[in-house]
Amino acid sequence: MPAARESLLEAAGVALSARPWPQVRMVDVAAAAGVSRQTLYNEFGGKAGLGRALVRREADRYLDGVDRVLSAPDRAAERLAAVAEWTVWAARAQPLVRALLTGAWDADLPAAGRRAPGPGELARAVRDRAAAALTPGEGPQACELAVRLALSYVIAPGEEPGPGELRRLLSARTRTAGGR
């Protein structure tokens, strides 16, 4: 029932963007997905299961975006900067991504559950994906820098970085660190 599962997750995501998780009703999610409430319960077991699946889906979508920007044919510095920009944008656009990256969960979001990656695990996954996407010698240190820079903008938001600002900062840093 993959189509029903995706429809239910999409409907739950839309519902969560409109109201806090405690106000999201299973009957409304099922109706929006065009399935019965029983189908929803069969698929997820209950609201907690739906919430955990929604959190996992957002983590996967975030990491898919990381992979997408890393696959560009740009220089290492540009790809790392793109990861940083994607991280900042995704965290600001998606409260679940922000919670996953920071560990700051509030009552308006579904609980992550034990299977969701924590902030450290997610940061390591991004760093490792970036290190794997770069040619040897471009440095895991630069990958770590890109992730930490992005997370600093997420954790301590201030003035929005201007277009290309993260790219400029990372480009200068990776040149001095021996990156390409």
Side-chain angles (χ1 to χ4, degrees), residues 1-71 81-127 129-130 146-163 165-166:
M1 211 175 262
R5 183 177 184 82
E6 275 308 307
S7 294
L8 287 162
L9 287 170
E10 195 60 38
V14 169
L16 180 59
S17 69
R19 58 186 141 315
W21 186 248
Q23 294 176 13
V24 172
R25 296 177 351 138
M26 299 292 274
V27 65
D28 296 335
V29 171
V35 301
S36 70
R37 209 169 31 155
Q38 187 60 51
T39 299
L40 190 153
Y41 282 97
N42 289 345
E43 193 64 38
F44 298 104
K47 190 172 180 180
L50 175 62
R52 286 189 301 273
L54 190 60
V55 169
R56 182 73 243 179
R57 182 182 77 151
E58 288 306 313
D60 291 343
R61 283 182 169 183
Y62 166 70
L63 290 172
D64 288 346
V66 168
D67 291 339
R68 191 173 45 255
V69 297
L70 284 171
S71 68
V83 168
E85 289 173 345
W86 164 250
T87 297
V88 171
W89 179 87
R92 291 199 174 145
Q94 289 294 332
L96 285 175
V97 172
R98 183 174 49 253
L100 283 161
L101 288 168
T102 64
W105 293 89
D106 64 39
D108 290 345
L109 298 174
R114 285 178 270 143
R115 292 181 56 209
E121 184 182 347
L122 204 55
R124 283 188 299 279
V126 172
R127 180 200 61 209
R129 286 167 187 243
V147 173
R148 289 183 182 276
L149 178 63
L151 289 176
S152 72
Y153 277 97
V154 172
I155 292 168
E159 188 174 319
E160 181 79 26
E165 181 70 14
L166 293 174

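Along the sequence shown, residues are numbered consecutively beginning with 1. The structure presented is a predicted model; accordingly, all values stated were derived computationally and were not measured.
- Heavy atoms only, all atoms of each residue included: R56 and P117 are closest at NH1-CD, 3.2 Å.
- The shortest side-chain heavy-atom distance between P95 and L109 falls under the 4.5 Å cut-off.
- The backbone N or O of L63 lies less than 3.5 Å from no partner atom in the side chain of W86, so there is not a single donor-acceptor pair.
- Counting only heavy atoms from C-beta outward, the side chains of L96 and P110 approach each other to under 4.5 Å.
- For CZ of R19, the number of neighbouring non-hydrogen atoms (other residues, nucleotides, ligands) closer than 6.0 Å is greater than 12.
- A salt bridge does not link D64 with R68: every distance from a Lys NZ or Arg NE/NH1/NH2 to an Asp or Glu carboxylate oxygen is 4.0 Å or more.
- The shortest non-hydrogen separation linking L8 to A33 is CD2-CB, 3.7 Å.
- Listed for the R127 side chain is no donor-acceptor partner under 3.5 Å among the backbone atoms of A123.
- Going from atom CZ of R129 over to atom CG of L70 covers 9.0 Å, rounded to the nearest 0.5 Å.
- Inter-residue side-chain proximity for W21 and L50 is flagged as met; some heavy-atom pair is nearer than 4.5 Å.
- Counting heavy atoms from C-beta on, the side chains of L16 and E58 never come closer than 4.5 Å.
- Pairing each heavy atom of M26 with each of K47, the nearest pair is CE-N, 3.5 Å.
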